[in-house]
Amino acid sequence: MSAPADVAIIGGGIVGCAAAAFLAEAGVSVDLYEGEEVAAAASGRNSGSVQHPFDPVLRDLHLETLGHYRELADFDLPEEPVGVVMLARERAVLEPSVAEVARDCPELVPALLEPDELRTVEPAVRPGLWGCRLETGYPVRPAAATRAFAKRAYAAGARFHEGETAWPWVIGARARGVLAAGVRRPAGAVLVAAGPWTPEVIDPTRAWRPIVPVWGVVAEIEMEKPPRHVLEEAGVEAVGAGGPASIFSLVAGDGQVVSVGSTFLAEQPDAPPWAPILRRAGERFVPGLRRAKVMGVRACPRPQSVDGRPLVGEVPGQEGLWMAAGHGPWGISTGPASARIAVDALLGKGEIPAPLSVARASG
Ligand SMILES: Cc1cc2nc3c(=O)[nH]c(=O)nc-3n(C[C@H](O)[C@H](O)[C@H](O)COP(=O)(O)OP(=O)(O)OC[C@H]3O[C@@H](n4cnc5c(N)ncnc54)[C@H](O)[C@@H]3O)c2cc1C
């Protein structure tokens, strides 16, 4: 099959906007359809930490994404990581994670910190806690990368249709374009990058659900002295599997407003009641949160795949219909690299690595 001269993208999050930039810069005519506005969903409402996903497969996506961000205009990636500190009340909780990270991702240089050492490294945390510092974590504004890629795509000639919900227009198992605002818009290929909505955009019967929404609530809290590091409560792997519905995380941006999260919920929550709950949970780790003022609260769904890795490639049995979605909690840290892989494959210039291929969700 020859490379398509025109591509319709459904979804204006980090993945769709990065793909639009790469395609437009490759000389492809691009139309991007976004039901609301660019970065309306998780790509604009996340916690704002570009960080290593602690997964050897996703590591390559993350490292490539850092490279894309370093050359992205209108986007400030900090020169060096501030460091992520995992927190726990007991040493025994952290020890297995330290050993696992040291084995699988030694580049993170995991360092177990006794309570006194931890307070020297990060004075904002409560005395008596244990920590594990990891060499990653670049705080960014939540929507900044997506908007910067959208701007780059626009400059390269991509057309943005914000406020236009679109659906693939498929005849005889071949994508012909999209249906948007009741009109058929022909395209040589369609790339669905609709985050957690991707399965229902591809299969409106909802029988095929390789990606599900996992709702996160984040409170914006103003602190007098924000922590220097990205902080995370140890044990995120237990969340959602009968474990707690929320786990403490804190990302400080360039001002005094920090993002305190986060929930992992199957259903869309009423966000405002979660703000005091998240703050109280945070006080157990960062006492300064007690006097801090809640400035806002936001909720949106993470696109969670079954194995936690994105699904990229041409949808089996649907010629010309492509997808790139399912980045779970790591989309800002890895999404642009997935978009690049999808674009290269779509243009016949590369293969999809097997651990990321959509083929694994076809059975
Ligand atoms: C609370 C929270 C905190 C997070 N923190 C971080 C973090 O610190 N670091 C990190 O790396 N990741 C983080 N993530 C994860 C990250 O935000 C997501 O993985 C990423 O934004 C997903 O990007 P996406 O482009 O795949 O999808 P989305 O951002 O969901 O974008 C999909 C877009 O498609 C549009 N759309 C859907 N259906 C249609 C249709 N039919 N027609 C047109 N448009 C449509 C939607 O309106 C939406 O704008 C966090 C997520 C949450 C929820």
Side-chain angles (χ1 to χ4, degrees), residues 8-20 31-53 58 61-62 65-66 69 84 136-143 145-146 149-150 160-168 178-181 190-202 204 211 213-219 230 232 246-247 249-251 253 259-265 268-269 271 274 278 297-305 308 310-312 323-336 338-339 342:
I9 297 174
I10 300 179
I14 185 69
V15 180
C17 290
D31 283 277
L32 184 146
Y33 297 87
E34 164 51 54
E36 297 185 34
E37 59 182 20
V38 161
S43 297
R45 304 165 78 82
N46 53 78
S47 297
S49 177
V50 175
Q51 68 182 66
H52 193 299
L58 299 185
L61 296 182
H62 171 60
T65 293
L66 287 180
Y69 285 158
V84 170
T136 185
Y138 301 81
V140 297
R141 289 176 194 266
T146 304
F149 266 117
F160 281 74
H161 306 265
E162 288 179 281
E164 281 195 45
T165 302
W167 305 92
V178 296
L179 291 166
V190 177
L191 173 62
V192 184
W197 298 277
T198 299
E200 70 195 55
V201 170
I202 289 173
I211 298 167
V214 175
W215 286 83
V217 183
V218 170
V230 174
E232 286 179 8
S246 73
I247 198 153
S249 67
L250 185 153
V251 183
S259 295
V260 175
S262 182
T263 64
F264 293 78
L265 304 166
Q268 179 169 5
W274 274 99
L278 292 170
V297 60
R298 53 185 193 264
C300 61
R302 300 174 189 83
Q304 190 64 45
S305 71
L311 296 158
V312 183
M323 69 180 278
H327 296 76
W330 305 118
I332 302 303
S333 307
T334 60
S338 310

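Both ligands and their constituent atoms are indexed starting at 1 by order of listing.
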* Nearest candidate to atom 53 (C) of ligand 1, where distance is taken over non-hydrogen atoms, out of C300, A339, P336 -> C300

* Taking the side chain as every heavy atom from C-beta outward, state whether L265 and W274 have any pair of such atoms under 4.5 Å apart. => yes

* To do: Measure the distances from the heavy atoms of E200 to every atom of ligand 1 and state whether one is below 4.0 angstrom.
  => no

* For atom 27 (O) of ligand 1, find the nearest protein heavy atom and state the residue, atom name and distance (0.1 Å precision). => G195 CA, 3.3 Å

* Which residue supplies the protein heavy atom nearest to atom 35 (C) of ligand 1, what is that atom called, and how far is it? -> E34 OE1, 3.2 Å

* Say whether G35, considering both its backbone and side-chain N or O atoms, lies within less than 3.5 Å of an N or O atom on ligand 1. => yes

* Asked: For atom 11 (O) of ligand 1, which candidate among C17, A40, G163, S333 provides the closest heavy atom?
  -> S333

* For ligand 1, which atoms, with element, lie under 4.0 Å from some heavy atom of I14? -> 23 (O), 25 (O)

* To do: Determine the minimum heavy-atom distance between S338 and P310, stating which atoms define it.
  => OG-CG, 3.9 Å

* Asked: Out of T334, I10, I9, L179, whose heavy atom sits nearest atom 39 (C) of ligand 1?
  -> I10

* Side chains of S259 and R298: does their closest heavy-atom pair fall under 4.5 Å? -> yes

* Structure fact -> atom 16 (C) of ligand 1 has as its nearest protein heavy atom G331 N, 3.7 Å

* **Options G335, G44, G328, ranked by nearest heavy atom to atom 18 (C) of ligand 1, top entry** => G328

* Over 60° means perpendicular and under 30° means parallel, so classify the ring planes of Y33 and H161, tilted if in between. => parallel

* **Taking atom 9 (N) of ligand 1 as the reference point, the nearest protein heavy atom with its distance** => S49 O, 2.7 Å

* Measure E164 to ligand 1 on non-hydrogen atoms and call it side chain, backbone, both or neither using the 4.0 Å cut-off. => backbone

* To do: Grab the two heavy atoms, one from A342 and one from A324, that are nearest each other, plus how far apart they are.
  => CB-CB, 4.2 Å

* Would you please determine whether P196 falls within less than 4.0 Å of ligand 1 on a heavy-atom basis? => yes

* Asked: Any side-chain heavy atom of I14 within less than 4.5 Å of one from P336?
  -> yes

* Asked: Using heavy atoms and a threshold below 4.0 Å, how should the contact between W330 and ligand 1 be classified: side chain, backbone, both, or neither?
  -> backbone

* Quick one: does V214 get an N or O within less than 3.5 Å of an N or O on ligand 1? -> no

* Asked: Is there side-chain contact between R302 and S262, with heavy atoms separated by less than 4.5 Å?
  -> yes

* Structure fact -> Heavy-atom proximity to atom 38 (N) of ligand 1, picking from G16, P142, A194, points to A194

* Test item: T198 and P303 side chains (from C-beta on) under 4.5 Å apart, heavy atoms -> no

* At a 4.0 Å cut-off, with the gap strictly under it, does some heavy atom of G261 reach an atom of ligand 1? -> no

* Structure fact -> Nearest heavy-atom contact between V178 and I10 is CG1-CD1, 3.9 Å

* Of all the atoms in ligand 1, which lie at a distance below 4.0 Å from a heavy atom belonging to G13? -> 25 (O), 29 (O), 31 (O)

* **Heavy-atom nearest neighbour in the protein, as seen from atom 34 (O) of ligand 1, with distance rounded to 0.1 Å** => G11 CA, 3.3 Å

* With a 4.0 Å cut-off on heavy atoms, is P329 touching ligand 1? -> yes

* For S47, counting its heavy atoms only, list the atoms of ligand 1 lying under 4.0 Å from any of them. => 3 (C), 4 (C), 5 (N), 6 (C), 8 (O)

* To do: May I ask you to test the I332-Y69 pair for a side-chain heavy-atom distance under 4.5 Å?
  => yes

* Structure fact -> Tightest non-hydrogen contact, residues A20 and L32, listed as CB-CD1, 4.0 Å

* Asked: Is E162 close to V38 at the side-chain level, that is, under 4.5 Å between some pair of heavy atoms?
  -> yes

* To do: Kindly confirm or rule out an N or O of A42 lying under 3.5 angstrom from an N or O of ligand 1.
  => yes

* Minimum side-chain heavy-atom gap W330-L61 below 4.5 Å -> no

* To do: Check V201 against ligand 1 and report side chain, backbone, both or neither, counting heavy atoms closer than 4.0 Å.
  => side chain

* Return the minimal non-hydrogen interatomic distance between V50 and T136, and the atom names on each side. => O-OG1, 4.4 Å

* Structure fact -> Rounded to the nearest 0.5 angstrom, the CD-CD1 distance for E200 and I211 is 11.0 Å

* Mark up the atoms of ligand 1 that fall under 4.0 Å of a heavy atom belonging to A41, in ascending order. => 30 (O), 48 (C), 49 (O)

* To do: Check each atom of ligand 1 against the heavy atoms of T165 and keep those under 4.0 Å away; list them by number with element.
  => 40 (C), 41 (N), 42 (N), 43 (C)

* Structure fact -> Closest heavy-atom approach to atom 42 (N) of ligand 1 among P139, A166, P301 is made by A166

* Determine, considering heavy atoms only, which of N46, T263, V50 sits nearest to atom 50 (C) of ligand 1. => N46

* Short list, please: which atoms of ligand 1 are under 4.0 Å from a heavy atom of S43? -> 20 (C), 21 (O), 22 (C), 23 (O), 24 (P), 25 (O), 28 (P), 29 (O)

* For V218, counting its heavy atoms only, list the atoms of ligand 1 lying under 4.0 Å from any of them. => 1 (C)

* Asked: Does any N or O in the side chain of Q51 come within less than 3.5 Å of the main-chain N or O of S333, such that one atom is a donor and the other an acceptor?
  -> no

* Atom indices of ligand 1, in the order listed, that fall short of 4.0 Å to a heavy atom of A193 -> 32 (C)

* Asked: Which protein heavy atom lies closest to atom 51 (C) of ligand 1, and at what distance to 0.1 Å?
  -> R302 CG, 3.6 Å

